[in-house]
Amino acid sequence: QVQLAESGGGLVQAGDSLRLSCAASRRTFSTNTMGWFRQAPGKEREFVAAFSWNGFSTYYADSVGGRFTISRDNAKNTVYLQMNSLKPEDTAVYYCAAQTPSPYYYLSNKYDYWGQGTQVTVSS
C-alpha cells in the first residue's frame, strides 16, 4: 500500500513562491508515475504536473507551464512542486498522486493513490 503525504501549503501573496512536498511511504518512483493535481472550490480536480515513472519526462498543464516545476528525490522518497509567480487563480487544495504508468498521466481517475491534500491560498 502506497501512502502519500503532502506538505508546504500556505497563504501567500500574488507573485510569491511556494514549494510543496509529497513524501511516500515506500519507494514508489521507480514504478509509478507521480502527479500533482489541484481542486478549487466548486471546480473539478485538474491536472497540474506529472513525472514519468522512469524520471525521463515531465508534463505540465498549460496554465502552470513556465511557473511550476516538478522534481523528485528518490533517496528521500519525495516529489516536489516548486511554484513561482503565484496567481490568485492558483488557489486550491493541491494533491499528490501515484499511478501505475499509463498514457493518461493527466486524468485523475487513472491514479491509484492520493494524499490528503494541502491548501494553497494566493491573495491579490
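Along the sequence shown, the residues carry numbers beginning at 1.
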Give the C-alpha distance, both sets of side-chain angles, the deciding distance and a yes or no for side-chain contact (heavy atoms from CB on, under 4.5 Å) between F51 and T58. CA-CA 5 Å; F51 218 123; T58 55; 4.1 Å; yes
Check the pair Y80, D73 against side-chain contact (heavy atoms from CB on, under 4.5 Å), reporting the backbone distance first and the verdict last. CA-CA 8 Å; Y80 303 98; D73 185 333; 4.0 Å; yes
Test side-chain contact (heavy atoms from CB on, under 4.5 Å) on F47 and W36 and set out the steps. CA-CA 7 Å; F47 169 73; W36 285 97; over 6 Å; no
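For Y111 (side chain) and Y105 (main-chain N/O), a donor-acceptor pair under 3.5 Å exists by modelled atom type. Within the 3.5 Å criterion, the main-chain N or O of V12 finds a donor-acceptor partner in the side chain of S123. Side chain of T78 to main chain of K76: a donor-acceptor pair is present (N/O by atom type, distance under 3.5 Å, no hydrogens or angles). Panel note: side chain S52, backbone S57; a donor-acceptor pair is recorded below 3.5 Å. A donor-acceptor contact shorter than 3.5 Å links the side chain of E6 to the backbone of C96.
In this structure, CZ on R19 lies 10.5 Å from CG on L81, to the nearest 0.5 angstrom. Taken from CD in Q99 to CG in N32, the straight-line distance is 8.0 Å, to the nearest 0.5 Å. One finds the CD atom of Q116 at 9.0 Å from the CG atom of L4 (value rounded to the nearest 0.5 Å).
Following chains of ILVMFWY side-chain contacts shorter than 4.5 Å, one can reach Y113 starting from M34, so the two form part of one hydrophobic cluster. L20 and Y60 fall within a single hydrophobic cluster, where Ile, Leu, Val, Met, Phe, Trp and Tyr are joined by side-chain heavy atoms under 4.5 Å apart, directly or via other members.
Note on ring orientation: taking the six-membered ring where Trp is involved, the planes of Y94 and F68 are tilted (angle from 30° to 60°).
Looking only at side-chain heavy atoms (C-beta outward), T100 and D112 come within less than 4.5 Å of each other. T118 places none of its side-chain heavy atoms less than 4.5 Å from the side chain of V93. Side-chain contact between L18 and L86 is present, with heavy atoms from C-beta onward closer than 4.5 Å. Put simply, the side chain of R67 reaches to within 4.5 Å of the side chain of K87, judged on heavy atoms. Two residues are said to be in side-chain contact when any heavy atoms from C-beta on lie closer than 4.5 Å; I70 and V79 meet this criterion. Within the 4.5 Å cutoff, the side chain of R38 has heavy atoms near those of the V64 side chain. The shortest side-chain heavy-atom distance between Y104 and N109 does not fall under the 4.5 Å cut-off.
Among all heavy-atom pairs drawn from A92 and A40, the shortest one is CB-N, 3.8 Å.
S17 and N84 form a side-chain donor-acceptor contact under 3.5 Å, judged by distance and modelled atom types alone. Neither side chain, E89 nor T91, offers a donor N or O lying under 3.5 Å from an acceptor on the other.
Judged by the 6.0 Å and 45° rule, R45 forms a cation-pi pair with Y95.
Under the side-chain contact (heavy atoms from CB on, under 4.5 Å) rule, T33 has a single partner from S102, P103, P101, which is P101.
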